[in-house]
Amino acid sequence: KQEVTQIPAALSVPEGENLVLNCSFTDSAIYNLQWFRQDPGKGLTSLLLIQSSQREQTSGRLNASLDKSSGRSTLYIAASQPGDSATYLCAPQRDTGRRALTFGSGTRLQVQP
Amino acid sequence: GAVVSQHPSWVICKSGTSVKIECRSLDFQATTMFWYRQFPKQSLMLMATSNEGSKATYEQGVEKDKFLINHASLTLSTLTVTSAHPEDSSFYICSARLFGNTIYFGEGSWLTVV
């Protein structure tokens, strides 16, 4: 059974800092891995999707890397802004069967203005 | 782009009653839909996988007789919480898989059982 761990659980930083959010997973047989953002009381917004054959993906100030063999992914946020405040979820997708996502417990980020 | 819509966004029901949540894929046909539940300050946990025209597959520990899932068409899956109790109060969210493994999430539904 896939286990997903995200570190840190919570993070509070001043505006402008560069951040690294970590995700580790126990089963490396993944099809892809997604990073999501969840605002309080809201659904999920997909930020980045990395295929298992890829090493990283970039979108604006966000960069996600994937080391499938070691079961790790990182989300890098450059020049953080108060609007980045949210919970960030990592979710690897199974490589077989129904291909559901397994979510980590998330990192709650607060960026202080 | 592809959109998944959930309804209702918020629902309050009395203990012992049943409530239905709908998940619709608006721009595409979804052969597979997933239902997740999220308790406060916890992550999303997969409840069941819904395949069009067949019975849903439930995760371990999820009562299939309590959480009824129907996927009668390629654009609609429903989750019915039967005989709801306060401990069923949670955030329920669905996702739909587009052919080729792209997954889209609905906006989620908040259920409060009083």
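Residue numbers start from 1 in every chain, and the chains themselves are labelled A, B, ... in the order their sequence lines are given, proteins ahead of strands. Please read all numbers here as calculations on a predicted model, not as lab measurements.
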Quiz item: For A/R55, does the CZ atom have more than 12 heavy-atom neighbours from other residues, nucleotides or ligands under 6.0 Å away?
Solution: no
Quiz item: Between B/V19 and B/M47, is there a shared hydrophobic cluster once you connect ILVMFWY residues whose side-chain heavy atoms come closer than 4.5 Å?
Solution: yes
Quiz item: If you count heavy-atom pairs under 4.5 Å between each of B/Q6, B/Q38, B/M45 and chain A, which one has the most?
Solution: B/Q38
Quiz prompt | Side-chain donor or acceptor of B/Y36 paired with backbone N/O of A/L101 under 3.5 Å | solution = yes
Quiz item: Are B/V62 and B/Y92 connected in a single hydrophobic cluster, I mean Ile/Leu/Val/Met/Phe/Trp/Tyr linked by side-chain heavy atoms less than 4.5 Å apart?
Solution: yes
Quiz item: How far does CD of B/E59 sit from NZ of A/K1, to the nearest 0.5 angstrom?
Solution: 8.0 Å
Exercise. Work out which heavy atom in A/G43 is nearest to a heavy atom in B/I93; give both atom names and the distance.
Key: CA-CD1, 4.0 Å
Quiz prompt | From B/I103 atom CD1 to A/N32 atom CG, the distance as rounded to the nearest 0.5 Å | solution = 7.5 Å
Quiz prompt | In one Ile/Leu/Val/Met/Phe/Trp/Tyr side-chain cluster, 4.5 Å: A/V111, A/L11 | solution = yes
Quiz item: Contact part of A/L44 toward chain B, heavy-atom cut-off under 4.5 Å: side chain, backbone, both or neither?
Solution: both
Exercise. State plainly whether one hydrophobic cluster holds both B/I69 and B/L111, where clusters connect Ile, Leu, Val, Met, Phe, Trp and Tyr through side-chain heavy atoms under 4.5 angstrom apart.
Key: yes
Self-check item: Engaged part of A/Q38 at the chain B interface, taking heavy atoms whose separation is under 4.5 Å
Solution: side chain
Quiz item: Cluster question for you: counting only ILVMFWY and a side-chain heavy-atom cut-off of under 4.5 Å, with indirect links fine, are A/F36 and A/I50 together?
Solution: no
Quiz item: Looking only at heavy atoms, which two atoms of B/F91 and A/K42 are closest? And how far apart?
Solution: CZ-O, 3.5 Å
Practice problem: Quick one: closest heavy-atom pair of B/S43 and A/S105, and the distance? | Solution: CB-CA, 3.5 Å
Quiz item: Within a reach of under 6.0 Å around NZ of B/K66, are more than 12 heavy atoms found that belong to other residues, nucleotides or ligands?
Solution: yes
